[in-house]
2 protein chains.
Amino acid sequence: MALGKDYATQECSIARALEVVGERWTLLVIRDALYGVRRYNDFLVHLGIPRAVLANRLQALTAEGILEKRRYQESPPRDEYVLTERGIALWPALRALGIWGREQLGGEPMRTFWHADCGTELSPYGACPACGTLVAVRDVDMRPGPGLDPDPADPVSRALLGPRRLLQPIETEQQGPARRRPA
Amino acid sequence: MALGKDYATQECSIARALEVVGERWTLLVIRDALYGVRRYNDFLVHLGIPRAVLANRLQALTAEGILEKRRYQESPPRDEYVLTERGIALWPALRALGIWGREQLGGEPMRTFWHADCGTELSPYGACPACGTLVAVRDVDMRPGPGLDPDPADPVSRALLGPRRLLQPIETEQQGPARRRPA
DNA sequence: CTTCTCGGTTCATTCACCGAACCGATGATG
DNA sequence: CATCATCGGTTCGGTGAATGAACCGAGAAG
């Protein structure tokens, strides 16, 4: 693997974490899952990742207990990949990386994160300045920032445009005959 | 590089950050630099990384302004790689990854982190519970945890054993120019 | 029956990682 | 002086992962 996972000699929880989520694409898959992406094709379109690599990552993350594969319709059998608590627990690490990327690499913020209960923007470490508490991932509202393209090409990016709750499944527009999603 | 050039399509500071620090070994190099490792050979010994890859990463990180190459002696000419502010700013992300690794993947903590000024252990997000303030990286004391091997093989691991301040350069035992090989 | 979507798998090519060997500058040793 | 050792790399052949395109099978629509 280009980003192999054998850090065997490293006695360190950081190295252990990187063995699991340090491979190429893996953290972006988890980021998308936090944003509400759940289906193979949506990951594929949004990430531009090779199909084989995506299948490999989804399987590995499921085996590690970070994603859970669950059947969401029977008539054509379809599965979706949903974050487990273990996966959701990566939110602080991903947020810290995002903060670093924006602050140190420059540019306008792409997305901002707010406490849904009180409408306050989150502090860099995920706490709500108004409430003084750590905000659960499910209580985080994601809103587009000034750096975000307001009219992206792919339907997944378009579905991720509006203000939305983290982890809430995205709703891509109907795009074909073989498409039937129960309410 | 790690994620191709399609960060144009990945409008996201997380993806931008991973472009810079997402390659294999890169975050472990930065971790070691935070712990006080500065010299090529010390990174090499401690990480068990191929020499060519290490040279590549050090050069890339220097080009990105995360490390700074500086001459620390003239004869023989020797350089060391020191974290810049931009590199130090990765501490929260690395800490969040380490917290996740320990909490979700199990095991005893390898290292614990304390506020040097008041001797209180840091909260998961790097604040000092006693002082209520965010602790600067230079004011963090690192102490060995129960999961750490008390008698590691390589000299760098041994130098990193004791309680020590983050960023303080490590002192490997004198094996200066052409030391006679001991039994 | 044909066509379409979804969720993969297969395959050839490219590329990064790996480990070992090698190299040049410098200094120590005998 | 010749020899040897350290430090900080570079070079090179082999391997394995990433990549993009093609292919595939189940199911549903027309």
Side-chain angles (χ1 to χ4, degrees), chain A residues 1-9 18-19 22-26 28-29 37-62 67 69-81 155-156 172-182, chain B residues 1-6 9 18-19 22-26 28-29 37-62 67 69-81 155-156 172-182:
Chain A
M1 332 186 159
L3 269 169
K5 28 186 227 176
D6 177 26
Y7 297 114
T9 69
L18 289 174
E19 288 183 14
E23 286 178 299
R24 194 159 162 169
W25 295 110
T26 300
L28 290 183
V29 169
V37 178
R38 295 184 164 192
R39 297 170 51 179
Y40 179 92
N41 213 48
D42 290 340
F43 285 111
L44 198 69
V45 165
H46 190 233
L47 292 173
I49 179 178
R51 309 179 76 92
V53 177
L54 177 59
N56 176 300
R57 293 298 182 274
L58 291 174
Q59 188 183 353
L61 287 171
T62 303
L67 294 177
K69 186 175 188 171
R70 78 161 66 129
R71 181 66 48 99
Y72 70 89
Q73 75 179 21
E74 292 292 344
S75 32
R78 292 283 183 262
D79 299 314
E80 60 185 2
Y81 296 88
V156 180
T172 52
E173 51 257 45
Q174 302 278 357
Q175 60 193 119
R179 179 62 189 248
R180 207 191 76 214
R181 189 101 125 112
Chain B
M1 285 296 153
L3 294 169
K5 358 279 160 227
D6 58 359
T9 68
L18 289 174
E19 285 275 339
E23 287 177 300
R24 180 150 154 80
W25 297 111
T26 300
L28 291 184
V29 169
V37 178
R38 294 184 165 193
R39 296 168 55 172
Y40 179 92
N41 214 47
D42 289 341
F43 285 112
L44 198 70
V45 165
H46 189 232
L47 292 173
I49 179 178
R51 308 179 74 94
V53 177
L54 177 59
N56 177 300
R57 295 297 183 272
L58 291 175
Q59 189 182 353
L61 287 171
T62 303
L67 294 177
K69 187 176 188 171
R70 80 161 64 129
R71 181 67 47 97
Y72 70 90
Q73 74 178 25
E74 290 294 343
S75 80
R78 291 281 181 263
D79 299 313
E80 61 184 3
Y81 296 89
V156 181
T172 52
E173 51 260 41
Q174 198 66 282
Q175 60 186 52
R179 183 182 55 134
R180 267 269 154 256
R181 171 181 282 278

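So you know, we letter chains A, B, ... as the sequences are listed, proteins then strands, and number each from 1. As the structure is a computational prediction, the values presented were derived from the model and not from experiment.
A donor-acceptor distance shorter than 3.5 angstrom exists from the side chain of Thr62(A) to the backbone of Leu58(A), with no hydrogens or angles considered. Side chain of Gln73(B) to backbone of Pro76(B): a donor-acceptor contact under 3.5 angstrom is found.
Annotation for Leu44(B) and Pro50(B): closest pair CD1-C, 4.4 Å, computed over non-hydrogen atoms.
The line from CG of Asn41(B) to CG of Leu54(B) is 9.5 Å long, rounded to the nearest 0.5 Å. In this structure, CG in Asp42(B) is found 13.0 Å from OH in Tyr81(B), a value given to the nearest 0.5 Å. Residue Arg24(A) holds its CZ atom at 11.5 Å from CG of Leu18(B), rounded to the nearest 0.5 Å.
Rounded to an integer number of Å, the gap from CG of Asn41(A) to P of dT9(C) is 14 Å. In this structure, the CG atom of Leu44(A) is 13 Å from the P atom of dT9(C), given to the nearest Å. In this structure, Glu74(B) places its CD atom 16 Å from P of dA25(C), rounding to the nearest Å. Counting to the nearest Å, the C1' atom of dG27(C) and the CD atom of Gln73(B) are 11 Å from each other. Between the CG atom of Leu54(B) and the C1' atom of dG19(C) there is a distance of 14 Å, given to the nearest Å. We find that CD1 of Ile49(A) is positioned 15 Å from P of dG7(C), with the value rounded to whole Å. Distance OH (Tyr72(A)) to P (dT5(C)): 15 Å, rounded to an integer number of Å. Between the CZ atom of Arg24(A) and the P atom of dG16(D) there is a distance of 19 Å, rounded to whole Å.
Scanning for side-chain contact (heavy atoms from CB on, under 4.5 Å) contacts around Arg70(B) gives Arg38(B), Glu68(B), Glu80(B), Val82(B), with sequence neighbours left out.
Here the side chains of Phe43(B) and Arg57(B) are not in contact, with every heavy-atom distance at 4.5 Å or above. The closest side-chain heavy-atom distance from Arg51(A) to Tyr40(A) is below 4.5 Å.
An OP1 or OP2 oxygen of dG27(D) is reached within less than 4.0 angstrom by no side-chain nitrogen or oxygen of Ser75(A). Within the structure, a side-chain polar atom (N or O) of Arg57(B) is placed less than 4.0 Å from OP1 or OP2 of dC17(C). The phosphate of dT19(D) has OP1 or OP2 within less than 4.0 Å of a side-chain N or O from Trp25(A).
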Could you go over nucleotides 9-12 of chain D and give all protein N or O partners under 3.5 Å, atom names and distances?
residue, atom, partner, partner atom, Å
dG9(D), OP2, Tyr81(B), OH, 2.9
dG9(D), N7, Tyr40(B), OH, 3.4
dG9(D), N7, Arg51(B), NE, 2.8
dG9(D), N7, Arg51(B), NH2, 2.8
dG9(D), O6, Arg51(B), NE, 3.0

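For Pro77(A), whose side chain is taken as the heavy atoms from C-beta onward, the closest listed nucleotide among dT26(C), dC18(C), dG27(D) is dG27(D). Considering only the side chain of Arg78(A), dC6(C) comes nearest among dA28(D), dC6(C), dG8(D).
From one end of the helix from dC1(C)-dG30(D) to dG30(C)-dC1(D) to the other, with five pairs defining each end axis, the axis direction shifts by 10° (rounded to 10°).
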